[in-house]
Amino acid sequence: MILITDKTIDTSKVLNSVKSNLAGASVLFVGTTRQFTGDKETIQLEYECYESMAVEKIQQLVDIAESKWNIEQCSVVHRIGVVELGEASIAVAVSTGHRKESFEAAAWLVDELKIQVPIWKKEFWADGKTEWVHPNGVPRPSPKDLNSIEGGG
Amino acid sequence: MILITDKTIDTSKVLNSVKSNLAGASVLFVGTTRQFTGDKETIQLEYECYESMAVEKIQQLVDIAESKWNIEQCSVVHRIGVVELGEASIAVAVSTGHRKESFEAAAWLVDELKIQVPIWKKEFWADGKTEWVHPNGVPRPSPKDLNSIEGGG
Amino acid sequence: MNIKIKLFAAAREMNDTGELTLDVPVGCVVKEMKRMVSDDYPNMSELIMRSAVSLNREFATDESVVCEGDEIALIPPVSGG
Amino acid sequence: MNIKIKLFAAAREMNDTGELTLDVPVGCVVKEMKRMVSDDYPNMSELIMRSAVSLNREFATDESVVCEGDEIALIPPVSGG
């Protein structure tokens, strides 16, 4: 299941979507709105998405993950719009025969999504300021690299 | 939450138990009864536990994890008795400020639980045979090591 | 030729619109297109420098040729998850 | 002195009981206790060799002294998870 939604993410549904008798392990990652970043307080987040491209990019990442690990089932759900404190902005679930692969694949999918998938976060700080998050500290891969990540895509 | 139970594990309850506004990431690991190990078919598993020691050992592992990573909340639930195909035998949930720590701590807790906590699995194979699983391929840590794992215990 | 460029996040808010229209020469490549947008919308120039461009929902290189009818978007550094 | 040793999993099934009673000398250490159980229950000797012993719910070493009233268990290689 790949889904971009403006509704609350039902994390148990995401976990259930990767159920398989062939799997011995499932890992569910849930990203939630954190109240503090250092000493700055967040009151809510808002996510915006280039939906058609995001869905295609996520599908490419899932395809690559399935070529790198022996995955039974895999789901990625991202929420857009306002996300309140403690609510889930993202849920990634992976089931595999053995646990090492579930952990690795789920962590990799989240890492890559944060680099490659056109979704943006707006911080609403407690002091009333707002800020679109467009990270520039870490160099992001050049567009060329993005299309030639190992395994194709 | 640390729990040994002979009832079905409610995985969403385990995930909810680590909810925190201070957490930006939660990882839930679920171990399930896998139908095939190589070409051998399992029809069910049965788990047995030295409960008082298991609970103490799990608590020690959680304490160590909390000293190694910046953990908000942490839960470990293990089922005992018969566990049917596809059902959960174990659920481990960890919430942290940032995702790397959730993945690492959850994976570490499962790894250590499988080495140190007195719980045993009985395989019921499709050919009618049964087998208590007492691994001997990999050398297990000596009892001395078990009590002096980094961070104490 | 006329092209349309989708804007998102800070780029969209800076211009109060989710889409720009731009007249570019035939054979124009992404690098040139970015410079032209930067010239027309100097408020975005810093962000444009740090942004990627997608053509038909794939990341393009600086040398990718922009064709009429392409689905074009300016992709500021992403922050999903 | 009399001690009781909890048995689990294959050890429990081999003996159809979850607890053995054993008479050991005062000052007996874990290594000796394991050998005495092995002598009395040769069907378990291979498994005992691969098993740990816990005293009061902590893993003991070969040289740990077994005391009267200790909660003692034979811990075959574990396989939870």
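Because only heavy atoms are used, hydrogens play no part in the values below, and waters and symmetry mates are left out as well, while side chains stay in. In what follows, every chain begins at residue 1, and chains take the letters A, B, ... in the order their sequences are listed.
Using a 4.5 Å heavy-atom threshold, the side chains of D:E13 and B:E48 count as separate.
The NE2 atom of B:H134 sits 6.5 Å away from atom OG of D:S79, with the distance rounded to the nearest 0.5 Å. Rounded to the nearest 0.5 angstrom, B:E51 CD and D:R57 CZ are separated by 12.5 Å. Within the model, atoms CE of B:M53 and CD1 of D:I75 stand 4.5 Å from one another, a figure rounded to the nearest 0.5 Å.
The two residues D:F8 and B:C49 have their closest heavy-atom pair at CE2-O, 3.8 Å.
The residue among B:L45, B:V133, B:I90 with the most heavy atom pairs within less than 4.5 Å of chain D is B:V133. Ranked by non-hydrogen atom pairs under 4.5 Å with chain D, the options B:S89, B:S52, B:G31 are led by B:S52.
Side chain of B:W120 to backbone of D:P76: a donor-acceptor contact under 3.5 angstrom is found. Judged purely by atom type and a 3.5 angstrom limit, B:Y47 uses its side chain to pair as donor or acceptor with the backbone of D:G81.
Crowding of B:K114 atom NZ: a count of heavy atoms from other residues, nucleotides or ligands under 6.0 Å exceeding 12.
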Between D:E71 and B:Y50, does a side chain to side chain contact (heavy atoms under 4.5 Å, CB included) hold up when you go through it step by step? CA-CA 12 Å; D:E71 183 177 322; B:Y50 178 8; 2.5 Å; yes
